[in-house]
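Per chain, numbering begins at 1; letters A, B, ... match sequence-line order. The structure displayed is predicted, hence computed values, not measured ones.
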There are 2 protein chains.
Amino acid sequence: MSFKEQSGIDIDQLIFGISQISQMLNVSPRQLRYWEKRGYIRSLAQKDGQTRQYNAKAVVRIVGIKHFLDEGYTLAAAADKVTKFAQQQKMLHDFVGQRFQGVTEIAGQPALDFGHLADQHLYGVMQQGRAEFKLRQD
Amino acid sequence: MSFKEQSGIDIDQLIFGISQISQMLNVSPRQLRYWEKRGYIRSLAQKDGQTRQYNAKAVVRIVGIKHFLDEGYTLAAAADKVTKFAQQQKMLHDFVGQRFQGVTEIAGQPALDFGHLADQHLYGVMQQGRAEFKLRQD
DNA sequence: CCAATGTTGTCAAATAGCTTGACAATGATA
DNA sequence: TATCATTGTCAAGCTATTTGACAACATTGG
């Protein structure tokens, strides 16, 4: 059961303050401000002098940057890696969102319907815990 | 893909400030402090005068209380309902955690193994999208 | 109906926490 | 070696939170 289902809270609506981020992720406020100034991360828009707030998307970016920094990457390289990863995730999400037609059945087993491919139909099934694509006639 | 899997962040380690909670959940800081004083919610322990912080568990409680308040329940009743719900969720979680023995196969289909019952074996299977218990000889 | 209690808003004073800018230290880079 | 990148730290000023108090209003028990 996901956090959202259990709590009714959408993760994208979560908001964090700078000290919470700092505690949770073990990143100093100085780093967060510097990274923001250099354009590597964004905080929610606030008027000048007001306190920074961050959404879940920013948190994920910060975790990622921190991770790659700890692995020895430079800040710019770390931020770049995170951006690319996020882009890939978004592409995957969008792609699957477009192709996924729902769940149907093949031989009595649930199958993910991914629509047409080469005059046939593409399905995804779990077999012995392994994800397998299947091509079938319509 | 869950938030944790995608981000590497454990939801239970999330921390929020009072104004973030207030914004996210549309509950006033006054309410949060009052609810806490009356023992309906808890903030993370801070020394006197320091700012309150809340974890995800508190957030879920607050959402719940707010929900039942909006439905017309009194504060005490709302908090009570949330507590009972949380207890039920915990019981369910613990129970399943104890009984679940892993995934095996029945007739080539994945089956949740729930161990012994009445000299037989209890399984859970998905059939046409419906969750069904099955008793089988070992 | 009345007094007591529950719940929330608001205000004020004190202070905890954040912001910005600056200087310094360190390490990497051209 | 000079420059840039990254982070720490400090100070002054401002923002946000805390606590306590008073008020308003609804609800409840007698």
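- For B:Gln31 (side chain) and B:Ser28 (main-chain N/O), a donor-acceptor pair under 3.5 Å exists by modelled atom type.
- Between the side chains of B:Gln53 and A:Gln23, at least one donor N or O sits under 3.5 Å from an acceptor N or O.
- The shortest side-chain heavy-atom distance between A:Val125 and A:Leu112 does not fall under the 4.5 Å cut-off.
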key: Chi angles and distances behind the side chain to side chain donor-acceptor pair (under 3.5 Å) call for A:Tyr34, A:Arg38   = CA-CA 6 Å; A:Tyr34 180 69; A:Arg38 303 299 306 266; 2.9 Å; yes

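- For the pair B:Glu105/A:Gln128, a side-chain contact is recorded, criterion being any heavy-atom separation below 4.5 Å from C-beta on.
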message = Under the criterion ring pair (Phe, Tyr, Trp, His ring centres under 6.0 Å), I'd like the reasoning laid out for B:Tyr123 against B:His121: C-alpha separation, chi angles, the key distance, then a yes or no.
response = CA-CA 7 Å; B:Tyr123 299 97; B:His121 211 102; 4.7 Å; yes

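- The CD1-P distance, from B:Ile41 to C:dT7, rounds to 13 Å in whole Å.
- Residue whose closest nucleotide on DNA chain C sits further toward the 5' end, between B:Arg38 and B:Gln46: B:Arg38.
- Between B:Glu36 atom CD and D:dT19 atom C1' there is a gap of 12 Å when expressed in whole angstrom units.
- Here the CD1 atom belonging to B:Ile62 is positioned 14.5 Å from the OH atom belonging to B:Tyr40, to the nearest 0.5 angstrom.
- C:dC18 atom C1' lies 17 Å from atom NZ of A:Lys47, rounded to whole Å.
- In the set C:dT20, C:dG17, D:dT7, D:dT7 carries the atom at the smallest distance from any side-chain atom of A:Tyr34.
- The side chain of B:Thr51 lies closest to C:dG17 when the candidates are D:dT6, D:dT7, C:dG17.
- One atom, OH of B:Tyr40, and another, P of C:dG6, lie 8 Å apart when rounded to the nearest Å.
- The separation between A:Gln31 atom CD and D:dG8 atom C1' is 10 Å, rounded to whole Å.
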Filtered N/O pairs between nucleotides 10-12 of chain C and protein, under 3.5 Å:
unit_1	atom_1	unit_2	atom_2	d
C:dT10	O4	B:Arg30	NE	3.1

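- At least one donor-acceptor pair closer than 3.5 Å links the side chain of A:Gln20 to the backbone N or O of A:Gly17.
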Using nucleotides 25-30 of chain C, report all nitrogen or oxygen pairs with the protein that are shorter than 3.5 Å.
none

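- Counting non-hydrogen atoms under 4.0 angstrom, B:Arg33 reaches a base of the nucleic acid.
- At the phosphate of D:dT17, neither OP1 nor OP2 sits under 4.0 Å from any side-chain N or O atom of B:Arg52.
- Screening residues 8-32 of chain A for ring pair (Phe, Tyr, Trp, His ring centres under 6.0 Å), with sequence neighbours left out, gives A:Phe16-B:Phe16.
- Proximity of B:Gln50 to the phosphate of C:dA16: no side-chain N or O atom is located under 4.0 Å from OP1 or OP2.
- Within the model, atoms CZ of B:Phe114 and CG of B:Leu135 stand 12.0 Å from one another, a figure rounded to the nearest 0.5 Å.
- A:Leu32 places its CG atom 14 Å from the C1' atom of D:dG8, with the value rounded to the nearest Å.
- If you check residues 16-28 of chain B against DNA chain D, the residues with a heavy atom closer than 4.0 Å are B:Ile18, B:Ser19, listed by number.
- A:Ile11 contributes atom CD1, which lies 12.0 Å from atom CG of A:Asn55 (distance to the nearest 0.5 angstrom).
- Criterion: ILVMFWY side-chain heavy atoms under 4.5 Å apart, direct or through other members. Under it, B:Ile9 and B:Tyr54 are part of a common hydrophobic cluster.
- A rotation axis mapping the C1' atoms of four pairs onto the next four is fitted at both ends of the helix from C:dC1-D:dG30 to C:dA30-D:dT1 over five pairs, and the angle between these axes is 40° to 10 degrees.
- A salt bridge links A:Glu132 with A:Arg130: the closest approach of a Lys/Arg side-chain nitrogen to an acidic carboxylate oxygen falls below 4.0 angstrom.
- Looking at A:Lys66, its side chain does come within 3.5 Å of a backbone N or O of A:Asn26 through a donor-acceptor pair.
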inquiry  = Checking B:Arg61 against B:Thr83 for the side chain to side chain donor-acceptor pair (under 3.5 Å) test, could you report, in this order, the C-alpha distance in whole Å, the side-chain angles of both residues, the deciding distance, and whether it holds?
reply    = CA-CA 8 Å; B:Arg61 259 190 86 78; B:Thr83 297; 2.9 Å; yes

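- For DNA chain D, the residues of residues 69-84 of chain A within the heavy-atom distance limit of 4.0 Å (strictly under) are A:Leu69, A:Thr74, A:Leu75, A:Ala76, sorted by number.
- Each of A:Val60, A:Val59, A:Ile65 was evaluated against A:Val63; a single residue qualifies, A:Val59, per the side-chain contact (heavy atoms from CB on, under 4.5 Å) test.
- Between the CD1 atom of B:Ile62 and the P atom of C:dT7 there is a distance of 16 Å, rounded to whole Å.
- A donor-acceptor contact shorter than 3.5 Å links the side chain of B:Ser22 to the backbone of B:Val27.
- One can place NZ of B:Lys37 at 15 Å from P of C:dT5, the figure rounded to the nearest angstrom.
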